[in-house]
Amino acid sequence: MKLLNNKFIKPFKNIYVLVLTVFIVWMLFFDAHSLLFHTELNKEIEELEYQKEHYKNEIAKDNKAIKELSTDEGTERAARENYYMKKADEDIFIIEYEDSIAKQENDE
């Protein structure tokens with residue numbers, strides 16, 4: 001009998017408070033639109049927005065590279081730098097620095 005007269009239990013004797021408490025607990029933890037579900041979705045949205053910005057930056061870099069390669073000079077420069085291509089009447093000398101040579105020997 002003393003348990004029912006406790007000051008913490010007394011508000012739950014009212015049916016409205018009891019129903020409201022059950023409703024709040026249900027909405028926060030058990031419902032399909034619960035607070036936990038929304039926090040997971042918000043984290044996923046933040047991650048996707050970060051990826052979106054990353055891919056926008058990558059697209060901008062790729063568009064810049066495409067624009068450079070669309071000209072004859074850009075194509076020739078990329079072929080010379082990346083693929084060591086040359087014209088028929090010229091020689092190419094590749095200069096390696098000491099730090100890059102030492103790194104290659106360590107890798108082997």
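Any value given below was found using the heavy atoms of this structure, including those in side chains, with hydrogens, waters and symmetry copies removed.
In the hydrophobic clustering of this structure, Phe29 does not group with Phe37; members are Ile, Leu, Val, Met, Phe, Trp, Tyr whose side-chain heavy atoms approach within less than 4.5 Å, directly or through other members. Placement of Met27 and Leu20 within a single hydrophobic cluster is found when ILVMFWY residues are connected by side-chain heavy-atom separations under 4.5 Å, directly or transitively.
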Please tabulate, for the side chains in residues 39-50, all donor-acceptor contacts under 3.5 angstrom to protein atoms that are two or more places apart in sequence or on a different chain.
unit_1: Thr39; atom_1: OG1; unit_2: Leu35; atom_2: O; d: 3.4
unit_1: Thr39; atom_1: OG1; unit_2: Leu36; atom_2: O; d: 2.7
unit_1: Asn42; atom_1: ND2; unit_2: His38; atom_2: O; d: 3.3

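Considering only residues two or more places apart in sequence or on other chains, Lys61 meets the salt bridge (charged side-chain N to carboxylate O under 4.0 Å, His left out) condition with Glu58. Under the rule for a side-chain contact (heavy atoms from CB on, under 4.5 Å), the partners of Leu69 that lie at least two apart in sequence or sit in another chain are Ala78. Taking Lys64 as the reference, nothing meets the salt bridge (charged side-chain N to carboxylate O under 4.0 Å, His left out) condition, with sequence neighbours excluded.
With side-chain heavy atoms closer than 4.5 Å counting as contact, directly or through intermediates, Ile59 stands alone and belongs to no larger hydrophobic cluster.
Distance alone, capped at 3.5 Å, places no donor-acceptor pair between the Ser34 side chain and the Phe30 backbone.
Among residues at least two apart or in separate chains, salt bridge (Lys or Arg N to Asp or Glu O under 4.0 Å) pairs with a member in residues 72-81 are Glu68-Arg77, Glu76-Arg80, Glu76-Lys87, Arg77-Glu81, Arg80-Glu90.
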